[in-house]
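Every heavy atom of this structure was used, including side-chain atoms; hydrogens, water molecules and symmetry mates were not.
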Amino acid sequence: MAIIKPIKVRVGNLAGLRGVLDYIKADFKTREGTLVFGKECIPEKAFEQMLITKKAFHKDTGRQYAHFVQSFYRYDDLTPEQALEIGQKFMKRYERFKDFQVFAAVHTNGPQLHIHYVVNTVSHVDGHKWQSSREDLKQMRSINDELCREYGLNVYEKPRRGHRSHGEYRAKQSWKEQLARDVAQCIKDSSNPADFKLLLWERGIDCEIGAKSILFTVQAGTYGLTEERKCSNWKLRAYGDFTGENILQSIQYNKFVLDEAWHDFPLVSEVLELLGATNHPEDPSVYERTFLANLRPEDFKGKTKLQIEQMLSERKHQELIAMQTREIRERIAAEQAQSALLHSSIAV
């Protein structure tokens, strides 16, 4: 079971095009780049080739790209390699892609497999601009359903009124409980609000942070839901403290811990060594060498930077807790010693 939906393009310039291409081809999301593919463009040179097309037809202003995401149901038995095959077939069958350059990538970093498609808005054939209608989207979804059936995946059917959805039958937990669990995990893994929203989006959840409340929009397909659901943070109170104040304070604390961890060189060295041994057993010192050569955390890209930050935060947090526990124990021991001394003086 999969759904496909357009993503609103908020940045209408060439920097936005480069940014979205860099985002979707990141190694830690695409198994070191093995799950990227393109139509009429080489994945490694997609931006350059799309730019050449725009310049050739003098159409390098205005909307630069169209963006679509195809998300697969997490309970379907689907491998990343099969998702790659589905994406390649979808790209060939969808007629509107015919005269346009398309870059795509399968992402494996979220709880469900999904594919990003980025379309150059200028045709490489005759320079005409990309247009898309509701009927085109219907055709997209029809091809998507067709491919799901070919691969033995579930296909969305609108539930009859009065009947529970497939997700309600399937899920052992309510979708709100699962939402609360994912929100809590994203709070733990974020060091700023932008990261928080991005991590939620990769789990199939849109997030709008307002002055008084936070609105979560759970996309169809997430948690087995057949249609989009909205939920404010106030409706998650049964599962924990999800007030806006607590969420933002927790994220801010994560930033403090991460900043402290980056200045703890022995801890950085330990994390780099552990990650190197895990990801590159043939050359476990590769991350440490890179770090020592640059001495700047922003020089790390993709998996390396993300994993370093997450592990640093976790270990520094544990270190702070251990330090607080040690201080409490030392204070209790001092109080007990003082009490014992007092008792002995009284006894005398």
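Note: L198 CG to N192 CG = 9.5 Å, rounded to the nearest 0.5 Å. One distance of note links CH2 of W175 with CZ of R229; it measures 6.0 Å at 0.5 Å rounding. With rounding to the nearest 0.5 angstrom, the NE2 atom of H114 is 5.5 Å from the CD atom of E202. If you take CD1 on I4 and CZ on R141, they are separated by 8.5 Å, rounding to the nearest 0.5 Å. Summarising the geometry, atom CD1 belonging to I205 is positioned 4.5 Å from atom CG belonging to D182; distances are rounded to the nearest 0.5 Å.
The only member of L14, N120, V20 that meets side-chain contact (heavy atoms from CB on, under 4.5 Å) when paired with Y65 is V20. Paired with L199 under the rule side-chain contact (heavy atoms from CB on, under 4.5 Å), one option of V183, I187, D189 passes, and it is D189.
Under the 4.5 Å side-chain heavy-atom criterion for ILVMFWY residues, a single connected hydrophobic cluster contains both I209 and I247. Note on F196: it does not cluster hydrophobically with L248, by side-chain heavy-atom contacts below 4.5 Å among ILVMFWY residues. Residue M91 is not grouped with residue V122 when hydrophobic side chains (ILVMFWY) are merged at heavy-atom distances under 4.5 angstrom, including chains of intermediate members. There is no path of hydrophobic side-chain contacts, each under 4.5 Å, that joins L21 to I52. Note on L225 and Y239: same hydrophobic cluster, where clusters join Ile, Leu, Val, Met, Phe, Trp and Tyr whose side-chain heavy atoms are under 4.5 Å apart, directly or indirectly.
Of the possible donor and acceptor atoms, none in the side chain of R237 sits under 3.5 Å from a partner among the backbone N and O of F242. Side-chain N or O atoms of S123 include one that pairs as donor or acceptor with a backbone N or O of D99 at under 3.5 Å. Listed for the S142 side chain is no donor-acceptor partner under 3.5 Å among the backbone atoms of K138. Without hydrogens or angle criteria, Q49 side chain to I42 main chain gives a donor-acceptor distance under 3.5 Å. A donor-acceptor contact shorter than 3.5 Å is absent between the side chain of K25 and the backbone of G33.
In this structure the side chain of K45 never reaches within 4.5 angstrom of the side chain of F103, judged on heavy atoms. Inter-residue side-chain proximity for V218 and C231 is flagged as unmet; no heavy-atom pair is nearer than 4.5 Å. L113 places a side-chain heavy atom less than 4.5 Å from the side chain of T108. Looking at D206 and Q219, their side chains come closer than 4.5 Å, going by heavy atoms from C-beta outward. Looking at heavy atoms from C-beta onward, F90 lies out of side-chain contact with I115 at the 4.5 angstrom threshold. Contact annotation: the side chain of Y151 approaches that of K89 to within less than 4.5 Å [non-hydrogen atoms, C-beta and beyond]. You'll find the side chain of H107 reaches within 4.5 Å of the side chain of I24, heavy atoms only. Side-chain contact between C186 and R203 is present, with heavy atoms from C-beta onward closer than 4.5 Å.
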Go through W130 and R63 one step at a time and tell me if the side chain to side chain contact (heavy atoms under 4.5 Å, CB included) criterion holds. CA-CA 9 Å; W130 170 268; R63 189 184 182 199; 4.0 Å; yes
Give the C-alpha distance, both sets of side-chain angles, the deciding distance and a yes or no for salt bridge (Lys or Arg N to Asp or Glu O under 4.0 Å) between R31 and E81. CA-CA 11 Å; R31 288 193 174 175; E81 292 72 25; 3.1 Å; yes
Test log, rule side-chain hydrogen bond (donor to acceptor under 3.5 Å, both in side chains), inputs T217 and K230: CA-CA 4 Å; T217 302; K230 294 184 181 296; 3.2 Å; yes
Would you please test V118 and F47 for side chain to side chain contact (heavy atoms under 4.5 Å, CB included) and show each step? CA-CA 11 Å; V118 173; F47 175 74; over 6 Å; no
Do L137 and S132 pass the side chain to side chain contact (heavy atoms under 4.5 Å, CB included) test, and can you show the C-alpha distance, the side-chain angles, and the key distance before you say yes or no? CA-CA 7 Å; L137 187 57; S132 185; 5.6 Å; no
Criterion side chain to side chain contact (heavy atoms under 4.5 Å, CB included) on L17 and K54, from CA distance to verdict: CA-CA 12 Å; L17 173 61; K54 294 176 186 295; 3.8 Å; yes
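Contact between Q64 and G62 at its shortest, heavy atoms only, is NE2-O, 2.9 Å. For L147 against I86, the heavy-atom pair with the smallest separation is CD1-O, 3.7 Å. For the pair M50 and Q101, the tightest heavy-atom approach, listed with the atom from each and the gap, is CA-OE1, 3.5 Å. Here the shortest heavy-atom pairing between N246 and D241 reads ND2-O, 2.8 Å. For L200 against F216, the heavy-atom pair with the smallest separation is CD1-CE2, 3.8 Å. The two residues L215 and S232 make their nearest non-hydrogen contact at CD1-N, 4.2 Å.
S133 and D136 share a side-chain donor-acceptor pair at under 3.5 Å.
Using a cutoff of 4.0 Å between basic side-chain nitrogens and carboxylate oxygens, K98 and E95 are not scored as salt-bridged.
Other residues, nucleotides and ligands place more than 12 heavy atoms under 6.0 Å from the CG atom of D126. Residue K59 places its NZ atom among more than 12 non-hydrogen atoms of other residues, nucleotides or ligands, all under 6.0 Å distant. By the neighbour-count criterion of 12 heavy atoms within 6.0 Å, atom CD of E48 is densely surrounded, having more than that number from other residues, nucleotides or ligands.
Aromatic ring orientation, W201 versus H67: tilted (interplanar angle from 30° to 60°). Between F97 and Y94, the ring planes are perpendicular. Angles over 60° get that label, and only those under 30° would be called parallel.
A cation-pi arrangement is present between K29 and Y23 under the rule of less than 6.0 angstrom and at most 45 degrees off the ring axis.
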